[in-house]
Peer 1: 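The structure under discussion is supplied below as structure tokens; questions concerning it will follow.
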Amino acid sequence: VSWIISSYMYPLVLLCMLAALSWTWGPVTAGRSCSETRQVYAEKGYSTNTAPLTQISGEHLRLCPQDYTCCSSQMEEMLSHQSETDFLTAIEETSQFLLTTFTQRHRKFDEFFRELIDMSEKSMNQMFTKTYGRLFTQNANVFQELFVELRRYYSGGSVSLTEVQSEFWSSLVERVFSLVNPQYQFSEEYLECVSKHAEQLQPFGDLPRKLRVQVSRAFIAARALVQGLATGRDIVNKLSAGVECVRALMRQWYCPLCRGMPSLRPCHSLCLNVMKGCLANQADLDTEWNNFIDALYQVSEKLEGPFNMELAADSISVKVSEAIMHMQENSVTTSTKVFQGCGSPRPALGRSKRSPKEPGSNRRPFRTYSPEEKPTTAAGTNLDRLVSELKERLRPMRGFWVSLPHTICNDENMAADVTNEERCWNGQARGRYLPDVTGDGLVSQINNPEVEVDIAKPDVRTRQLIMELRVATNRLKQAQAGQDTDFVDSEVEEGSGSGGGDGAERYSDDWPGYGPNSKPPRNPQTPIKPPRVRDRPTGSKRNKARSSSAVTRPALTLAILFWLSVMVVVAPMWR
């Protein structure tokens, strides 16, 4: 009897074991409880009213395998939307580092540079008021206009730094020339003549050129960096993932849930193929993105070194002070040359050639303050610290978009570990994922087994972002050379000039030589040409007038030429 019972029990036990194995590893069969699926579904905030209690036939499914399932049609639709949300959330969280860096660094640098400009103007006002008193305050508008234009340039205005500084020195030479020659009365036309020839006279020495190079380099680099950081922020904000891959997203993330295995993660290779298909257009940004990051890095290094904005802002008041001192110390020589070229001015009313100085003009001459007397930081930090922090954050940004699929799939919540190739979801069931992983970019998706991508239709928005990156990169590269893309002809590396600026005309054909005993140039075939006089423009802006050709006066009579020769000889004795 026991043998008979054993012979009947053995097949029964074997059958139960096979059933158990089939329950664990084999296809899902009808009647299995959907309690785990219902629990996970409810935890995501969905109602379980449409969720089956036990598995049902899956002929109604459109995205998941049509096997026995724990998902109704409504559940599949809701989970497909959830997969899209999870995908966009993953991208947002992964790229948050980029967005935070660009947003915060843009704000920090912008605040820092603006405060540097404010402090530079404040430092100049304090220094010049202290050393020159009322005479400075009476002419303060010349300096105020300089900083107004510098701020306008930095803020993105269409301003030529070369013209701005040329205008400043031209205005300054007129004011200072009047102050060092108080015994004379100068008309507007006469002062125009003075500023017109300032490039040849170099009354301020080589300081205007040095300051122009330093300020132009620093301001161009500072503006390009801040604009570049804003571009990076906008690029990250504008990037969006398409929903064409929603089927693949649903299949890898939520079809295991419908099969009653909510804890099963997609195989790592399956995840990579899905993500590379979904992010194919973003991967095409890689080349231009890397060029952009490299250009940002290089401009930041320039700002830390030869294009230091902090030093340039501090140098404005110092170099202007030194320039005025240079003109004061060489006022006799400069005035003599001006009188030779522009003619003898009229004595001031009630004054002789040796009239006493203006009240208050016996103040100390302009002097250069030592660095420790001036502030060297702004916005609670300094440039070296800002640049160092930025460079540290820029390094990991290279290759970000092409590596984004790997970043997402390396998250244990998104995919199984790469070492767990047998116990992961392969898109149909539990097991190894066999297809190869595709390459990066749109063209490589032609053989993607998970996502259907039309490689003949590049994403329009991505193409636009690529163009924005190219424009920003070009601006940054130009800034590395000290050039502004809006004014590519303004070379800050070459040229010279003291008052007239690099763009001003040269008047060597009608201006006396530089030596103290130089005579007016003579051409045996043509008479001496008198100084050219420009029409005085209306308004405070004279950029165009300074670069226009001077109006030539009619030829002088022989008598006037005779007296002009006498003046050339006598004028030096007046001083």
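Because only heavy atoms are used, hydrogens play no part in the values below, and waters and symmetry mates are left out as well, while side chains stay in. Given the structure is predicted, the values throughout are model-derived calculations rather than measurements.
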Peer 1: Decide if the gap between the ring center of Trp169 and the ring center of Phe204 is smaller than 6.0 angstrom.
Peer 2: yes
Peer 1: For Asp459, what residues pass the side chain to side chain contact (heavy atoms under 4.5 Å, CB included) criterion, not counting sequence neighbours?
Peer 2: Asn281, Arg461, Thr462
Peer 1: Would you call the rings of Phe102 and Phe292 parallel, tilted or perpendicular, where under 30° means parallel and over 60° means perpendicular?
Peer 2: tilted
Peer 1: Who passes salt bridge (Lys or Arg N to Asp or Glu O under 4.0 Å) against Arg114, sequence neighbours left out?
Peer 2: Asp110
Peer 1: For residues 382-421, pull every pair meeting disulfide bond (SG atoms under 2.5 Å apart), keeping only residues two or more places apart or in separate chains.
Peer 2: Cys271-Cys409
Peer 1: Looking at residues at least two apart in the chain, or sitting in another chain, which of them share a side chain to side chain donor-acceptor pair (under 3.5 Å) with Gln144?
Peer 2: none
Peer 1: So, using ring-ring contact (aromatic ring centres under 6.0 Å, His included) as the criterion, who are the partners of Tyr433 when residues are at least two apart?
Peer 2: none
Peer 1: Would you please name every residue forming a side chain to side chain donor-acceptor pair (under 3.5 Å) with Asn330, sequence neighbours left out?
Peer 2: none
Peer 1: Can you sort out the partners of Phe177 under ring-ring contact (aromatic ring centres under 6.0 Å, His included), two or more places apart, ordered by chain and number?
Peer 2: Phe186
Peer 1: Looking at residues at least two apart in the chain, or sitting in another chain, which of them share a ring-ring contact (aromatic ring centres under 6.0 Å, His included) with Phe219?
Peer 2: none
Peer 1: Is the gap between the ring centers of Phe143 and Phe136 under 6.0 Å?
Peer 2: yes
Peer 1: ring-ring contact (aromatic ring centres under 6.0 Å, His included) with Phe147: which residues, sequence neighbours excluded?
Peer 2: none
Peer 1: I'd like to check the side chain to side chain contact (heavy atoms under 4.5 Å, CB included) partners of Glu93; sequence neighbours left out, ordered by chain and number.
Peer 2: Thr89
Peer 1: Holding to side chain to side chain donor-acceptor pair (under 3.5 Å), I want the full list of residues that pass it with Lys276, two or more places apart in sequence or in another chain.
Peer 2: Asp440
Peer 1: Kindly write out the residues that satisfy salt bridge (Lys or Arg N to Asp or Glu O under 4.0 Å) with Glu412, not counting sequence neighbours, or none if the list is empty.
Peer 2: none
Peer 1: Does NZ or CZ of Arg223 lie under 6.0 Å from the centre of the six-membered ring of Tyr153, at an angle within 45° of the ring axis?
Peer 2: yes
